[in-house]
Amino acid sequence: MLTLSLDFQRVREVAVEALKIIEHYDISLQKAYFKALQELNLKPNRASYEYIYNILMNYYTIQYAFMKKKGRPARPRELVEFYESGEHLKVSLPSSILRRLSVETSYPYWLVQRLSKYLDLETLYQLLKALNRRKVWLLCLTKAGEVLRTLANEGVEANIDVDLDYMVEVVSSDKPPSRLGPVRKGLAIPVDKGSALVVEALRAQGHEVLDACAAPGVKSSLLILRGSPLVIAIDKSKSRIREAAKLISKFNTKEKIMLILADSRKPPISRSFIKALLDVPCSGTGTVGDDPSIKVRLSKPNKVKMYHKTQVRLLNSVSKIAEEVIYASCSLLPDEGEMVVDECDVEIEKLEIPSVTDCYQGFRCSGKAKRTMPHIHHCSAFFIALCRARIPSNT
Ligand SMILES: C[S@@+](CC[C@H](N)C(=O)[O-])C[C@H]1O[C@@H](n2cnc3c(N)ncnc32)[C@H](O)[C@@H]1O
């Protein structure tokens, strides 16, 4: 009994510390979790990770209930204790539909309000619920059948994807993706299907590719595995380039990827490309199931404006050195998708790939650019557009 309660105290302390770190440093759950463990001198453990994961997933519901009771927002320790008490489950929901949606699905009101301009309420509800779920996809480095058999041997239910025969969807499993048999044996790597679709959209078999925002190198590696002979992979973050160097070794794609530390707003490249991939830095609203710290980080909507500006600059500069650019962002916000490609000096071409729906209506790119939606495609939410630089007229 004593051990149990001591263990639980540790779990709680990790949650409080990780929450403080996320609120203060604006970093991912994984990074915050390991930083918290380091500060408390504790070892990683599934229970403590799941505990803070669930708190973050319910962040706005807990804050709403606390606010109703105390008339002010909860500080990290109060938030964790309030969650523990279960009181947030008893709170009566607001009567306004959008506010209710925001509390029930636990997203900031401004986000729900903004998305409701592009999606009907039922679709929005289904989308936000699906976004709250973890989705596990494996990219097979061997035959998908072998990956499926290995998973079946450990009692894990999975399916080979109907569109991409090298992707496997894990339907139910108690294990984290890194502990699954095929991953431990090097037969597969966890990669979201949305990332694979972004790479497919470029149709880059046989082409050397510029990957302008490349780290940690998932899509650069996929490009090689799907038949590109060389990828020039640029990223402006030193630490993420280091992560990429490790990851491309796992993919066994190191020989064909040239990593360059640089700023793609002014790429230090003296050649041009037929194909380029631009997977921009963004709010990450499409990947909440993997990293619910994004919910907390979304409390500052102004950051989206900053991302938008960078995304426009990146697309304008990359489209000057490549004939075709796939612009992708893992965001649900039109500010980081439709509005970016519409504002840039590019022509947008109709994209023909499976497992996508039309992007939001009312934009220049509508009917041409696409989106993946978690409630339909069971993967992260991506905006994907095929862009070509405008040919200057001679007049
Ligand atoms: C969405 S992530 C890319 C993920 C990557 N494509 C993959 O599949 O692994 C965006 C990346 O853009 C990088 N980035 C941000 N601003 C940049 C810039 N101006 N030039 C180059 N890279 C940039 C970030 O460091 C980050 O690694």
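Counting starts at 1 for both ligands and their atoms, following the listed order.
Annotation: cation-pi pair K35/Y25 present, NZ/CZ under 6.0 Å from the ring centroid and within 45° of its normal.
Between Y64 and S106, the side chains place no donor N or O within less than 3.5 Å of an acceptor N or O (distance only, hydrogens not considered). If you check the side chains of Q9 and E13, you find no donor sitting under 3.5 Å from an acceptor.
A salt bridge is defined here as a Lys NZ or Arg NE, NH1 or NH2 lying under 4.0 Å from an Asp or Glu carboxylate O, and R134 with E50 meets this definition. The pair E208-R271 counts as a salt bridge, with a side-chain nitrogen and a carboxylate oxygen less than 4.0 angstrom apart. Salt-bridge annotation for R72 and E78: present, with a side-chain N of the basic residue lying under 4.0 Å from a carboxylate O of the acidic one.
Ligand 1 is never approached by S195 to a heavy-atom distance shorter than 4.0 Å.
With respect to atom 4 (C) of ligand 1, the closest heavy atom belonging to the protein is A215 O, 3.1 Å. Considering only non-hydrogen protein atoms, atom 22 (N) of ligand 1 sits nearest to K236 N, 3.2 Å. In this structure, atom 20 (N) of ligand 1 lies nearest to the protein heavy atom S264 N, 2.9 Å. Nearest protein neighbour of atom 19 (N) of ligand 1, counting heavy atoms only, is D263 OD1, 2.8 Å. The nearest heavy-atom contact from the protein to atom 1 (C) of ligand 1 is V280 O, 3.5 Å. Ranking protein heavy atoms by distance to atom 12 (O) of ligand 1, first place goes to C213 CB, 3.3 Å. The single protein non-hydrogen atom nearest to atom 27 (O) of ligand 1 is R240 NE, 2.5 Å, given as residue, atom name and distance.
Between F382 and Y327, the distance separating the two ring centers is not shorter than 6.0 angstrom.
Checking only distances, I234 never comes within under 3.5 Å of ligand 1, N or O to N or O. Residue V218 has at least one nitrogen or oxygen atom sitting less than 3.5 Å from a nitrogen or oxygen atom of ligand 1, judged on distance alone. In terms of N/O distances under 3.5 Å, ligand 1 is not approached by P281. For ligand 1, the polar-atom distance check finds an N/O of K219 within less than 3.5 Å of one of the ligand's N/O atoms.
With a 4.0 Å cut-off on non-hydrogen atoms, A262 touches ligand 1 through its backbone and not its side chain. The proximity of C330 to ligand 1, defined as any non-hydrogen pair under 4.0 Å, does not occur for either the backbone or the side chain. With a 4.0 Å cut-off on non-hydrogen atoms, A214 touches ligand 1 through its backbone and not its side chain.
For ligand 1, the atoms lying closer than 4.0 Å to a non-hydrogen atom of R265 are 19 (N). For ligand 1, the atoms sitting less than 4.0 Å from at least one non-hydrogen atom of S237 are 25 (O), numbered in the order shown with element in parentheses. Interface of A212 with ligand 1, defined as ligand atoms under 4.0 Å from a residue heavy atom, comprises 21 (C), 22 (N).
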Practice item. I would like to know whether S380 and T287 meet side-chain hydrogen bond (donor to acceptor under 3.5 Å, both in side chains); could you show each step before the answer? Key: CA-CA 5 Å; S380 296; T287 60; 5.8 Å; no
Practice item. Any chance you could lay out the salt bridge (Lys or Arg N to Asp or Glu O under 4.0 Å) test for K368 and E347, step after step, and finish with the verdict? Key: CA-CA 10 Å; K368 296 175 184 162; E347 298 295 347; over 6 Å; no
Exercise for review: Output, in order, the C-alpha distance, side-chain angles, deciding distance and verdict of ring-ring contact (aromatic ring centres under 6.0 Å, His included) for Y83 and H88.
Suggested key: CA-CA 7 Å; Y83 171 76; H88 64 292; 5.3 Å; yes
Review point. What do the steps show when you test K117 against Y360 for side-chain contact (heavy atoms from CB on, under 4.5 Å), and what is the final call?
Key: CA-CA 9 Å; K117 297 207 163 50; Y360 301 142; over 6 Å; no
Check your understanding: Can you check side-chain hydrogen bond (donor to acceptor under 3.5 Å, both in side chains) on K236 and S264, steps first, answer last?
Key -> CA-CA 8 Å; K236 78 161 199 183; S264 286; over 6 Å; no
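With distances taken over non-hydrogen atoms, the option nearest atom 10 (C) of ligand 1 out of L277, D235, D279 is D279.
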